[in-house]
K.L.:
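First the structure, then my questions, so here it is.
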Amino acid sequence: MRIARIATVAGPRSVAARGGEWVALADPFAPDAAPAPGAPSWPVDQTPLLAPVEPRVVLGMLHNSGPDDRALPPQAFLKSARTVVGAQDPVMLDPRRGAVVGECELALVVGRVCRNVSVADAPAHVLGWTIGNDVTAVDQAAADDTRTQAKNGDGFTPLGPWLETDLNALDVALSGLVDGVEVAASSSAALAWNPFEALSHLSHHLTLGPGDILLTGAPGTAFPIAPGVVASCAVAGIGVLTNPVRALEVPA
């Protein structure tokens, strides 16, 4: 099932794709989530998309960019939920903060309360998968090993354009594009810790809940971005997430 959040005159609505329409869902996290008969609908090609969920917690995996990282313990950083934006929303770069990269990642969307789960049970706690662009001010990393300065600029976590509930997350193609030209490509199969291993590990340290996000890692899918370009991330089986990159106005 393809699930999205859309902007309507009555406010944001969670919807599922049915034919050429988005059909309203009462609760996308319900075990039997499906459009009800007679539910309102909107044309797919005429409806603005929002980030597919509103997470309370956003986690990103550290040193998970290739098989050699398996020698390191699985670890994660936190991103502010306020960094989350949807497709076509701008990524704002502060010119005082140095070089910035986009990172095309498969993003895991938690579907139900997740605490102390095994790797085998982790899939049952996943609602679906979306595209994440883990924007990172790389020049800030050396100044702050918690990644707070590097990971939390305005619009630094684009998600979307929707989520898919059925996807082979263990081997899906990932690519980063600048102005429509592919500049980085890999697969989730290259991750040192696969998404279910990562979710299980993190669930032993904190509680995650419906709509929370795990950015699973960038296995060679980082690419430089700068104001004036359009950054896109493509994940096979989901689609393409596109965001303009703009300069943040700063005090003189």
Side-chain angles (χ1 to χ4, degrees), residues 51 53-85 89-110 114-117 122 130-159 174 176 184 188 190-209 211-227 231 233 243 245 247-248 250-251:
V53 290
E54 294 183 282
R56 294 179 63 182
V57 177
V58 180
L59 291 162
M61 291 299 294
L62 280 171
H63 44 71
N64 200 32
S65 59
D68 289 347
D69 284 346
R70 188 85 182 187
L72 300 170
Q75 292 179 324
F77 53 87
L78 281 163
K79 298 190 80 169
S80 167
R82 293 182 182 274
T83 66
V84 172
V85 294
D89 289 332
V91 175
M92 306 300 294
L93 304 190
D94 186 332
R96 302 169 297 180
R97 303 303 177 217
V100 180
V101 300
E103 297 181 6
C104 178
E105 304 194 18
L106 180 63
L108 180 157
V109 183
V110 177
C114 183
R115 184 72 163 117
N116 290 322
V117 302
T130 191
I131 304 170
N133 185 351
D134 180 18
V135 180
T136 305
V138 289
D139 282 352
Q140 295 296 307
D144 179 9
D145 60 9
T146 68
R147 302 299 194 273
T148 300
Q149 293 173 202
K151 296 287 189 178
N152 288 286
D154 296 337
F156 269 36
T157 314
L159 297 175
L174 314 169
S188 62
L191 294 170
W193 302 93
N194 75 47
F196 303 120
E197 292 174 319
L199 181 63
S200 172
H201 170 78
L202 293 171
S203 78
H204 286 78
H205 296 280
L206 75 165
T207 297
L208 297 170
D212 288 343
I213 292 290
L214 173 58
L215 300 165
T216 58
T221 54
F223 55 98
I225 60 174
C233 295
N243 300 89
V245 183
L248 182 71
V250 299

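The residues of the chain are indexed from 1 along the displayed sequence. Every heavy atom of this structure was used, including side-chain atoms; hydrogens, water molecules and symmetry mates were not.
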K.L.:
Using salt bridge (charged side-chain N to carboxylate O under 4.0 Å, His left out) as the criterion, list what pairs up with Asp134, not counting sequence neighbours.
P.N.:
Lys79, Lys151

K.L.:
Using the ring-ring contact (aromatic ring centres under 6.0 Å, His included) criterion, which residues pair with Phe196? Sequence neighbours excluded.
P.N.:
Trp129

K.L.:
For the residue pair Val117 and Ser200, what are the closest heavy atoms and their distance?
P.N.:
O-OG, 2.7 Å

K.L.:
Going by side chain to side chain donor-acceptor pair (under 3.5 Å), name the residues that satisfy it together with Ser80, two or more places apart in sequence or in a different chain.
P.N.:
none

K.L.:
Using modelled atom types and a 3.5 Å cut-off, is there a donor and acceptor pairing between side-chain atoms of Thr221 and backbone atoms of Ala184?
P.N.:
no

K.L.:
Ignoring hydrogens and geometry, is there a side-chain-to-backbone donor-acceptor pair from Asn64 to Pro74 under 3.5 Å?
P.N.:
no

K.L.:
Who are the side-chain contact (heavy atoms from CB on, under 4.5 Å) partners of Val57, not counting sequence neighbours?
P.N.:
Leu59, Leu78, Leu206, Leu208, Asp212

K.L.:
Quick check: closest heavy atoms across Ile213 and Val53, and the distance to 0.1 Å?
P.N.:
CD1-CG2, 3.8 Å

K.L.:
Please list all pairs meeting salt bridge (charged side-chain N to carboxylate O under 4.0 Å, His left out) that have one or both residues in residues 137-146, counting only residues at least two apart or in different chains.
P.N.:
none

K.L.:
Treating Asn243 as the side-chain partner and Val91 as the backbone partner, does any N or O pair qualify as donor plus acceptor under 3.5 Å?
P.N.:
no

K.L.:
Which heavy atom in Phe77 sits nearest to a heavy atom in Thr146, and how many Å separate them?
P.N.:
CB-O, 4.3 Å

K.L.:
If you look at every heavy atom in Pro227 and Ala247, which pair is closest and at what distance?
P.N.:
CB-N, 3.7 Å

K.L.:
Would you please name every residue forming a salt bridge (charged side-chain N to carboxylate O under 4.0 Å, His left out) with Arg70, sequence neighbours left out?
P.N.:
Glu197

K.L.:
The criterion is side chain to side chain donor-acceptor pair (under 3.5 Å); which residues satisfy it with Gln149, sequence neighbours excluded?
P.N.:
Gln140

K.L.:
For Gly132 and Leu215, work out which heavy atoms get closest and say how close.
P.N.:
CA-CD2, 4.0 Å

K.L.:
Applying the side chain to side chain contact (heavy atoms under 4.5 Å, CB included) criterion to Phe156, which one of Asn133, Val84, Leu93 satisfies it?
P.N.:
Leu93

K.L.:
Holding to side-chain contact (heavy atoms from CB on, under 4.5 Å), I want the full list of residues that pass it with Pro95, two or more places apart in sequence or in another chain.
P.N.:
Val250

K.L.:
Going by the rule side chain to side chain donor-acceptor pair (under 3.5 Å), which residues pair with His63 if we only count those two or more places apart in sequence or in a different chain?
P.N.:
Gln75

K.L.:
Mind checking side chain to side chain donor-acceptor pair (under 3.5 Å) for Ser65 and listing every partner two or more places apart, or none if nothing turns up?
P.N.:
Asp69

K.L.:
Would you compute the distance between atom CZ of Arg82 and atom OG1 of Thr157 and round it to the nearest 0.5 angstrom?
P.N.:
13.0 Å

K.L.:
So Cys233 and Phe223, do their side chains get closer than 4.5 Å, heavy atoms only?
P.N.:
yes

K.L.:
Please give me the minimum heavy-atom distance between Val58 and Ala81, naming the atom from each residue.
P.N.:
CG2-CA, 4.2 Å

K.L.:
Donor-acceptor pairs are to be reported for all side-chain atoms of residues 96-110 against protein atoms at under 3.5 Å, with residues two or more places apart or in another chain.
P.N.:
unit_1: Arg96; atom_1: NE; unit_2: Asp94; atom_2: OD1; d: 3.0
unit_1: Arg96; atom_1: NE; unit_2: Asp94; atom_2: OD2; d: 3.4
unit_1: Arg96; atom_1: NH2; unit_2: Asp94; atom_2: OD2; d: 2.9
unit_1: Glu103; atom_1: OE2; unit_2: Thr136; atom_2: OG1; d: 3.4
unit_1: Glu105; atom_1: OE1; unit_2: Gly217; atom_2: N; d: 2.8

K.L.:
Heavy-atom count check: over 12 atoms from other residues, nucleotides or ligands less than 6.0 Å from Arg115 CZ?
P.N.:
yes

K.L.:
Side chains of Ser188 and Asn194: does their closest heavy-atom pair fall under 4.5 Å?
P.N.:
no

K.L.:
Can you sort out the partners of Ala198 under side-chain contact (heavy atoms from CB on, under 4.5 Å), two or more places apart, ordered by chain and number?
P.N.:
Met61, Leu214

